[in-house]
Amino acid sequence: MAGAKLSSSYHLAAALRREPDAAAALRLFLNPTSAAPSSAPPPFRYSLRCYDIIVCKLAAARLFPEMESVLAGLPPSLRPREPLLCRVISAYGRARLPFAARRAFAHPAFPDPRTSRALNTLLHALLACRAPLSEILGECRASGIAPDACTYNILMRAAAVDDSGSVEDARNLFDEMLQRGIAPTIVTFGTLVTAYCGAGRIEEAFKVKEVMSSQYKIRPNAYVYASLMKALCQKGKVDDAVRLKEEMVRDKELVLDSGAYATLARALFRVGRKEEVVGLLEEMKGKGITVGREVYNAMIAGFCEDEGDLDAAFAALDDMQKDGCKPDAMSYNTLVAKLCKMGRWRDASELVEDMPRRGCRPDVVTYRMLFDGICDAGEFSEARKVFDEMVFKGFAPSKDGARKFIGWIEREGDDEVFLESVLCQLARINALDSSGWEKAVGGMLHEPPEQMAVKLLDDLKLT
DNA sequence: ATAGGGTTAG
């Protein structure tokens with residue numbers, strides 16, 4: 001009998017893995033033996049593997065309430081491991097739900113104690129939620145878990161983010177790390193270089209590059225070069241960036257990828273030197289570097305934004321696919337933005353509708369640009385459809401788009417019920433930093449959306 | 001996917 005059980009759980013795991021649609025996978029998980037809904041318990045014991053797969057799928061599809069109920073339904077005998085906890089925390093981070101990420105960190109289904117790995121995942125999730133450095137530091141201290149190099153790298157990254165801290169904070173964290181005897185890694189130096197570059201302090205960034213190799217014997221890698229090249233390009237020093245690329249290429253130890261080339265490609269388009277991009281591509285192929293997604297995306301952006309050549313941009317998208325490189329949301333978003341700017345929102349809309357079939361999930365940027373584009377065109381009944389779809393998926397429109405949309409409904413003047421429902425939906429996901437959505441996830445919605453809606457309307461009218 | 005870059009909007 002044990003063999004039959006094992007086999008069933010094994011087959012369920014395989015079937016779950018095969019199912020691309022998370023909702024369908026959940027139905028299978030809840031009712032593995034027949035197609036008809038049933039409340040009877042499954043006839044075999046689920047392996048931890050089954051839980052791993054379904055939780056990951058639900059997390060990726062942002063079906064958070066469903067994911068939480070699966071976790072809550074874990075039998076006490078099955079203790080999921082920390083990697084799964086980390087997946088859950090990062091999923092909340094990607095969805096920008098800091099409260100939910102914090103709750104997951106303390107989730108009772110996972111055995112204690114938490115390690116620095118889980119802590120680091122939480123800190124990184126909070127960073128993804130744009131939490132300020134002070135808050136991330138507070139969380140770190142409150143955990144009582146000893147920080148490691150990875151922790152400091154995340155904190156330094158948080159310090160370097162706009163409006164959160166400053167390069168000085170990053171530098172102080174670096175010094176603190178040294179005082180505590182934690183050895184900086186290549187990632188630490190990459191982060192520090194990027195911090196200085198982000199602040200426009202190129203000389204100090206180059207100084208870090210020099211010190212890391214002379215004092216710490218850690219050679220700058222492609223990440224370090226990419227940051228420096230980007231900073232040079234932003235100051236209009238494209239030729240210096242090209243020279244730095246050549247220095248990078250001369251280092252035979254260095255593992256090259258196409259990342260640094262993307263910056264150069266984009267910069268060359270910006271300064272009207274797109275012919276040179278062909279040379280870059282050939283150089284990459286000659287060196288056996290796969291022309292990656294970022295490079296294709298840079299070219300798509302260049303054709304759209306600088307050349308105004310939509311046909312060439314779509315041709316680049318085709319080339320990308322022919323080369324076995326799968327376009328991502330960014331590839332499509334650039335095209336959607338361009339189509340909207342040209343007033344061709346119908347074409348933009350068709351492209352967005354086609355994305356899932358092409359194997360790419362539209363993201364928040366996709367929807368915001370499409371929604372804004374349709375609102376700008378004054379096609380509000382069409383905008384309403386996009387609004388419903390994005391809100392259903394938990395994506396908030398841009399403030400600008402929301403304002404135009406609300407303005408239109410008010411001008412129409414005869415649909416109080418519609419206005420109220422739109423405001424409530426906005427209140428849930430847009431106002432108050434998604435906390436309404438988070439409360440819904442946690443099943444503890446305190447403030448009625450109607451009350452939030454009143455505040456939100458004031459907010460939209462003020463700005 | 002415990003951490004860093006590079007390609008899109010604001």
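Just so it is clear: chains get the letters A, B, ... in the order the sequence lines come, proteins before strands, and each one is counted from 1. All of these numbers come straight from a predicted model, not from anything done at the bench.
Aromatic ring orientation, A/F380 versus A/W408: parallel (interplanar angle below 30°, classes split at 30° and 60°).
The side chain of A/H124 contributes an N or O atom lying less than 4.0 Å from OP1 or OP2 of B/dA3. Phosphate proximity of B/dA3 to A/R117: absent, as no side-chain N or O sits under 4.0 Å from OP1 or OP2.
Using a 4.0 Å heavy-atom cutoff across all strands shown, A/T185 reaches at least one base atom of the nucleic acid. When heavy atoms are screened at a 4.0 angstrom cut-off, A/I186 is found touching base atoms of the nucleic acid.
A/E294 has no carboxylate O lying under 4.0 Å from a charged side-chain N of A/R266, or vice versa, which leaves the two without a salt bridge. Contact check on A/D400 versus A/K404 returns a salt bridge, with a Lys/Arg side-chain nitrogen under 4.0 Å from an Asp/Glu carboxylate oxygen.
Atom CE of A/M330 and atom C1' of B/dG6 are 9 Å apart (whole Å). Put simply, CG on A/L119 is 14 Å from P on B/dT2, counting in whole angstrom units. For the pair A/L339 CG and B/dT8 P, the computed distance is 17 Å after rounding to whole Å.
Side-chain N or O atoms of A/K57 include one that pairs as donor or acceptor with a backbone N or O of A/E19 at under 3.5 Å.
At a cut-off of 3.5 angstrom, the base of B/dG5 holds no donor-acceptor pair with the side chain of A/N221.
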